[in-house]
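Everything on this sheet refers to the single structure shown next.
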Amino acid sequence: MHYHPENIESKWRKNWVDTQLYKVDNSSDKQKFYVLDMFPYPSGAGLHVGHPLGYIASDIFSRYKRLKGFNVLHPMGYDAFGLPAEQYAIQTGVHPAVSTDENIKRYREQLDNIGFCYDWSREVKTSAPSYYKWTQWIFLQLYSHYYDLTSDKAMPIDHLIAVFAQDGNKTIKAANSQESTFTASDWQGMSAKQKDDVLMNYRLAYRKTGYVNWCEALGTVLANDEVKDGFSERGGHPVEKKAMMQWSLRITAYAERLLNDLDTLEWSDALKAMQRNWIGRSEGAQMFFDIVGHDQKLEIFTTRPDTIFGATYMVLAPEHDIVPQITTNDQKEAVANYIDYVGSRSEVDRMAEVKEVTGVFTGAYAINPFNGKKIPIWLGEYVLKDYGTGAIMAVPSDDERDQVFAKKFGLEIIDVVDKSDYPGATLHDKLGKMVNSDFLNGIEVKDAIKAMLTKIETQGIGSRKVNYKLRDANYSRQRYWGEPFPIAYDSEGVAHALDVDKLPLELPELENFQPASGGKSPVARAEDWVNQFPGLALETDTMPGFAGSSWYFLRYMDAVNDQAFASKEAINYWQDVDLYVGGTEHAVGHLMYSRCWHKFLYDLGYVPTIEPFKKLINQGMITAYGYYVDFIYLEKNSPSLNEKATIYGNQIDIIKHNVTSCIKHGFPLPLELTGKIGINQYRLPYVNEYLDGNNKLTKDAFLKYYDEIGVNYNINNHLDNYIWVKDENGEEYFTVNIVQEKMSKSKYNVQNPDEVVAKYGADCFRMYEMFLGPIEQSKPWDTKGIDGVNRFLRKYWSLFFSENGWNVSQVQPTAEEYKILHTTIKKVTEDIERFSFNTCVSAFMMCVNELKRLECNKKEILSALNVLLAPFAPFITEELNMMLGNDTSVHKASYPIFEPSYLVQDTVDYPVCVNGKKRDIVALSSKLTPKEIQDIALTLDNVKKYVDGKDLQRVIVVPGKMINLVVKE
RNA sequence: GCCGAAGUGGUGGAAUUGGUAGACACGCUGGACUCAAAAUCCAGUGCUAGCAAUAGUGUGCGGGUUCGAGUCCCGCCUUCGGUACCA
């Protein structure tokens with residue numbers, strides 16, 4: 001009887017669907033446990049072997065919890081709105097809904113292949129109108145609430161309107177972007193449009209003109225976390241700052257709670273640190289400076305108010321509102337030129353030249369409130385419009401950037417902190433004694449800050465303030481494939497929320513998905529749709545990718561409800577996610593937005609918990625090996641080809657190299673070379689089969705590689721282009737560099753799980769992925785070790801069979817057999833609990849090796865082991881479970897109970913060390929006293945050798961562990 | 001620069017609280033079975049010396065604490081991830 005996974009697996013795959021084995025109820029006597037995977041975006045490339053890593057871990061944990069008697073919610077769905085489907089539609093005309101559904105079908109097949117225990121009756125798809133109805137509904141809630149700082153929660157906007165009518169906006173403490181104050185009568189006198197504008201400054205979902213990340217290539221704006229190093233995260237297109245009217249989410253209102261509640265979560269410190277960093281809380285002072293000849297004051301934010309006597313100039317962001325008013329006639333032209341210059345620079349330019357300081361004097365002066373000194377006001381790129389107040393007091397003595405700026409423009413530098421007592425301290429350490437600072441002289445920095453804050457407040461020139469790096473999230477996208485806003489504008493441009501009974505507001509049908517002109521979404525082309533409500537025009541932007549994913553975990557609780565996003569009963573039963581598994585790439589985006597939405601829904605009383613994800617595990621990435629060779633190219637405009645160069649110690653005759661076919665890619669010049677030629681990294685997909693042990697590729701091997709594989713990947717076969725080196729035998733070769741990199745279609749390194757499953761079975765694939773290493777660690781995919789797991793499964797299978805067939809005996813197991821089983825139960829259980837799945841697999845291997853050695857075929861042992869293994873290898877265990885005579889699924893069995901008495905040992909193997917070095921091992925009764933152990937140890941020949949004739953100073957006996965003898969010459 | 005994680009055989013990795021470093025696998029070497037191969041099984045395998053017993057040495061580097069350090073402390077180096085004119 002041989003193990004044939006393909007037959008077993010297809011049989012049970014079907015059976016589990018037919019019997020609805022994994023369907024979960026929203027009520028049970030059992031304790032709930034909610035295990036969630038970050039749902040995938042269904043891309044055209046399908047799943048690669050990296051995706052299932054986290055899914056397998058969470059599946060094992062779900063199955064384990066179920067065996068342990070929990071009612072486990074373990075759902076899956078699709079984050080189905082997004083840019084790739086739309087880009088594909090633009091290129092091919094295939095409707096995003098069609099391509100998305102095709103991709104989903106493919107994903108589903110791949111997922112089913114691996115044998116996950118998802119309750120598919122709860123599947124969600126964010127692009128389904130029945131789903132995004134509730135995304136729109138939550139948006140409307142955000143729109144119709146503001147954040148009240150007194151009660152520290154979201155409150156209905158109607159409440160705010162009532163307060164405005166009574167007191168204006170002076171008394172209300174709310175998160176807002178309203179710059180002016182008004183009285184009750186001001187409010188009553190306002191037009192509908194004016195009132196709308198004011199309310200927008202308070203709503204949690206609001207519309208505002210601001211500088212946004214505009215991506216020309218994608219034709220849309222992007223959120224901060226969708227931009228990496230000045231390029232779009234998806235597609236890698238350049239991004240620039242542009243002023244646009246956009247919807248935003250006032251996530252900053254929740255900054256403090258998002259920060260503080262991190263403490264309640266079981267997340268890795270690394271991830272918490274990333275979130276704290278992103279929120280970027282800093283305490284300091286908001287201060288007002290008078291401006292010479294103007295009524296207006298200049299507002300700045302500083303964390304170091306103590307250094308004000310060293311503030312020798314002010315710097316404003318070039319976009320600062322006050323600039324036109326304070327610029328003097330003399331400086332008008334210079335300022336205008338500078339602003340033009342700044343505007344012409346892309347984000348990428350700015351980032352590339354961080355060290356370059358630019359700026360211009362406005363001609364205006366501020367007054368230092370403490371000594372009345374005139375301080376020149378400058379503009380500088382290094383001050384950002386949307387952090388703090390967009391204005392700083394510059395203290396060049398104690399701030400690196402201010403110093404560079406001051407030196408460049410010849411501005412005064414006054415030392416105000418004496419750090420001589422603290423060598424190596426920087427301004428961030430806030431150490432030193434104040435000097436040149438009037439009443440602060442001689443005071444330690446930390447005390448000076450406190451004293452200054454008090455002074456500022458008592459003198460009424462400022463106040464303590466907390467600032468956050470976190471910005472409000474941009475919520476508009478000029479795209480088709482996203483949730484439409486349930487918002488329409490009247491002829492005056494006043495926004496009106498659609499009635500809830502109009503939801504879902506479905507996307508219009510379109511033929512052409514090209515962005516419309518003027519930075520508008522393609523949706524704007526569907527004029528009938530836009531104007532479907534008389535007198536109103538619908539918003540044509542759509543919501544961003546993170547909208548649907550910010551609350552999907554709640555929808556799984558009650559996925560088909562059409563009366564609410566989920567019923568109260570379901571939410572009260574499931575509460576929150578107990579275990580969330582996913583990649584670090586969502587550390588600040590998705591995880592921040594979800595937490596914010598959850599807190600908002602908590603404020604409104606829709607969810608009972610303050611945080612959505614109690615425990616979070618970040619699975620590492622499965623990377624692939626990439627094979628690169630150094631490839632010579634000629635720098636553009638290089639005058640001479642007839643030169644020799646030294647590369648890696650070898651003389652290279654440049655003229656031989658075929659220059660025309662070389663790639664120019666702006667790489668930094670390597671090693672000894674300058675100016676003329678450079679080295680590029682050139683990919684050789686799947687070349688590994690042709691390498692010798694030292695990663696050498698000989699000329700013969702290269703030609704073979706090229707003929708057999710390389711020709712399919714546009715490999716350059718002009719031999720002269722490669723850097724060939726001669727070995728001692730005169731054979732030419734080059735060394736291939738092997739790197740670990742992300743799997744992607746463009747790198748030709750994608751490993752498809754289906755192929756592995758087809759060859760080895762899903763059980764083997766699952767266990768092998770777990771066996772690769774710790775779940776949180778990134779590691780390269782390599783099928784080298786898969787045979788080990790495959791052998792294990794066959795060996796396991798063979799425990800149940802002899803040559804003649806089924807061979808399980810009812811005989812009572814021996815003590816040794818019980819001990820092996822219970823050691824394994826203990827180890828596996830503890831390791832699952834700490835998410836150490838790789839060591840679980842090795843524990844199973846040891847167990848099976850031992851049982852095989854004893855030729856154990858006792859039913860009692862094998863039955864228990866089979867249940868223990870079921871979460872890891874659900875198919876083989878289900879088959880054997882049936883053959884063991886059970887008529888219910890092994891996945892409904894109960895978890896074997898660990899019995900410590902089986903592990904009690906009569907003897908312990910004691911290592912005997914002399915001065916910490918192991919010299920012997922002795923088996924001793926576990927009942928011996930330390931004194932007896934010591935006496936026996938000293939009689940051992942191997943020990944005597946090292947102890948006799950020396951001074952025995954000390955004996956350490958750690959009961960059950962080891963013995964150490966300390967001797968001196 | 002700052003924040004975070006990590007460096008262990010030829011390879012993936014184990015060692016959970018300071019207590020036998022290298023579990024479990026892969027690979028490799030030798031052997032059995034076979035006409036042969038695959039599969040399977042057995043033995044060996046950190047490095048150095050030795051036929052061997054054995055000895056020395058060994059967890060990125062340099063110090064320290066300790067009877068005892070991969071694990072704790074101090075100072076470095078390297079790699080990976082995040083982040084950056086954040087006032």
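Just so you know, these numbers come straight off a predicted model, no measurement behind them. Chain letters run A, B, ... following the sequence lines, proteins first, then strands; residues in each count from 1.
As rounded to the nearest Å, B:rU65 and B:rG75 have C1' atoms that lie 15 Å from one another. Look at the P atom in both B:rA21 and B:rU54: the space between them is 16 Å, to the nearest Å. If you take atom P in B:rG22 and the same atom in B:rA6, they sit 23 Å apart, rounded to whole Å. A distance of about 22 Å separates the P atoms of B:rG12 and B:rA5, rounded to the whole Å. On the P atoms, B:rU59 is 11 Å away from B:rA69, given to the nearest whole Å. B:rU40 and B:rC26 have their P atoms separated by 9 Å, with the value rounded to a whole Å. Across the P atoms, B:rC67 and B:rC76 are found 28 Å apart, a figure rounded to whole Å. Spacing of C1' atoms, B:rG18 relative to B:rC73, comes out at 13 Å, to the nearest Å.
OP1 or OP2 of B:rC86 sits under 4.0 Å from a side-chain N or O of A:Arg401. For the OP1/OP2 pair of B:rC2 and a distance below 4.0 Å, the side-chain nitrogens and oxygens of A:Asn277 include no atom meeting the criterion. One finds no side-chain N or O of A:Arg276 lying less than 4.0 angstrom from the OP1 or OP2 phosphate oxygen of B:rC3. Put simply, A:Arg304 has no side-chain N or O that comes within less than 4.0 Å of OP1 or OP2 on B:rA87.
Not counting sequence neighbours, the partners of A:Lys827 by the salt bridge (Lys or Arg N to Asp or Glu O under 4.0 Å) test are A:Asp831.
Between A:Ile251 atom CD1 and A:Asn474 atom CG the span is 12.5 Å, to the nearest 0.5 Å.
Residue A:Asn849 is classed as a sugar-phosphate contact, given heavy-atom separations below 4.0 Å to backbone atoms only. Within the 4.0 angstrom heavy-atom criterion, only backbone atoms of the sugar-phosphate kind lie near A:Met274; the bases stay farther away. Among the atoms of the strands shown, base atoms are found under 4.0 Å from some heavy atom of A:Asn964. Within the nucleic acid shown, A:Lys827 comes within 4.0 Å of at least one base atom, counting heavy atoms only. Using a 4.0 Å heavy-atom cutoff across all strands shown, A:Arg471 reaches at least one base atom of the nucleic acid.
Aromatic pair A:Phe771/A:Phe792: ring centres not closer than 6.0 Å. Taking the centre of each ring, A:Phe405 and A:Tyr313 come in below the 6.0 Å mark.
With B:rC85, B:rA23, B:rA25 as the choices, the nucleotide that has an atom nearest any side-chain atom of A:Tyr382 turns out to be B:rC85. Looking at the side chain of A:Thr839, the nearest of the listed nucleotides B:rC85, B:rA14, B:rC24 is B:rA14. You'll find that the side chain of A:Arg954 is closest to B:rC67, out of B:rU16, B:rC67, B:rG4. Closest to the side chain of A:Asp831, from the set B:rA55, B:rC24, B:rU16, is B:rU16. Minimum atom distance to the side chain of A:Arg794 is reached by B:rU40, of the listed B:rG4, B:rG13, B:rU40. For A:Met962, counting side-chain heavy atoms from C-beta on, the closest listed nucleotide (B:rG13, B:rC86, B:rG19) is B:rG19. Distance from the side chain of A:Glu381 is smallest for B:rC85 among the nucleotides B:rU16, B:rA87, B:rC85. For A:Thr302, taking side-chain heavy atoms from C-beta onward, the closest of the listed nucleotides B:rA23, B:rA87, B:rU20 is B:rA87.
Side chain to side chain, A:Thr839 and A:Ser836 meet the donor-acceptor criterion of an N or O pair below 3.5 Å.
Across all strands shown, B:rC3 is found opposite B:rG81 as a Watson-Crick or G-U wobble partner, with both distances under 3.5 Å. Judged by Watson-Crick or G-U wobble contacts below 3.5 Å, the nucleotide B:rA87 has no partner. Of all nucleotides present, none satisfies the Watson-Crick or G-U wobble test against B:rU66 with each distance under 3.5 Å. Across all strands shown, B:rC76 forms a Watson-Crick or G-U wobble pair with B:rG60, both key distances being under 3.5 Å. Nucleotide B:rU71 has no partner under the Watson-Crick or G-U criteria, as no pair reaches both atom distances under 3.5 Å. Nucleotide B:rU40 forms a pair with B:rA32, judged by Watson-Crick or G-U wobble geometry with both contacts under 3.5 Å.
Counting to the nearest Å, the C1' atom of B:rA84 and the CG atom of A:Leu470 are 16 Å from each other. Note: CD (A:Glu319) to C1' (B:rC85) measures 13 Å, nearest angstrom. The OH atom of A:Tyr3 sits 18 Å away from the C1' atom of B:rU40 (whole-angstrom rounding). Atom C1' of nucleotide B:rG27 and atom CD1 of A:Ile786 are separated by 16 Å, given to the nearest angstrom. For the pair A:Lys961 NZ and B:rA15 C1', the interatomic distance rounds to 11 Å; values are reported in whole Å. Taking atom CD on A:Glu776 and atom C1' on B:rG13, their separation rounds to 16 Å, with Å as the unit. Taking atom OH of A:Tyr768 as the reference point, atom P of B:rG13 lies 10 Å away to the nearest angstrom. One atom, CE of A:Met846, and another, P of B:rG22, lie 13 Å apart when rounded to the nearest Å.
Residues A:Phe765 and A:Ile56 are in side-chain contact: their nearest non-hydrogen atoms beyond the backbone lie under 4.5 Å apart. Within the 4.5 Å cutoff, no side-chain heavy atoms of A:Leu265 are placed close to those of A:Leu616. You'll find the side chain of A:Asp909 stays beyond 4.5 Å of the side chain of A:Val922, heavy atoms only. In this structure the side chain of A:Met393 never reaches within 4.5 angstrom of the side chain of A:Ile375, judged on heavy atoms.
Glycosidic conformation at B:rG46 (O4'-C1'-N9-C4 for purines, O4'-C1'-N1-C2 for pyrimidines): anti, more than 90° from 0.
Taking for each of A:Ser778 and A:Tyr468 the nucleotide of RNA chain B with the nearest heavy atom, the 5'-most of the two is the partner of A:Ser778. Both A:Asp402 and A:Trp278 sit near RNA chain B, but only A:Trp278 has its closest nucleotide nearer the 5' end.
Screening residues 764-780 of chain A for salt bridge (charged side-chain N to carboxylate O under 4.0 Å, His left out), with sequence neighbours left out, gives A:Asp59-A:Arg766.
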Check: Reading nucleotides 6-12 of chain B from the 5' end, what letters show protein touch, with B for base, S for backbone sugar-phosphate only, - for no heavy atom under 4.0 Å?
Finding: ------B
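At least one cation-pi condition fails for A:Arg276 and A:Trp267: the charged atom is not both under 6.0 angstrom from the six-membered ring centre and inside a 45 degree cone around its axis.
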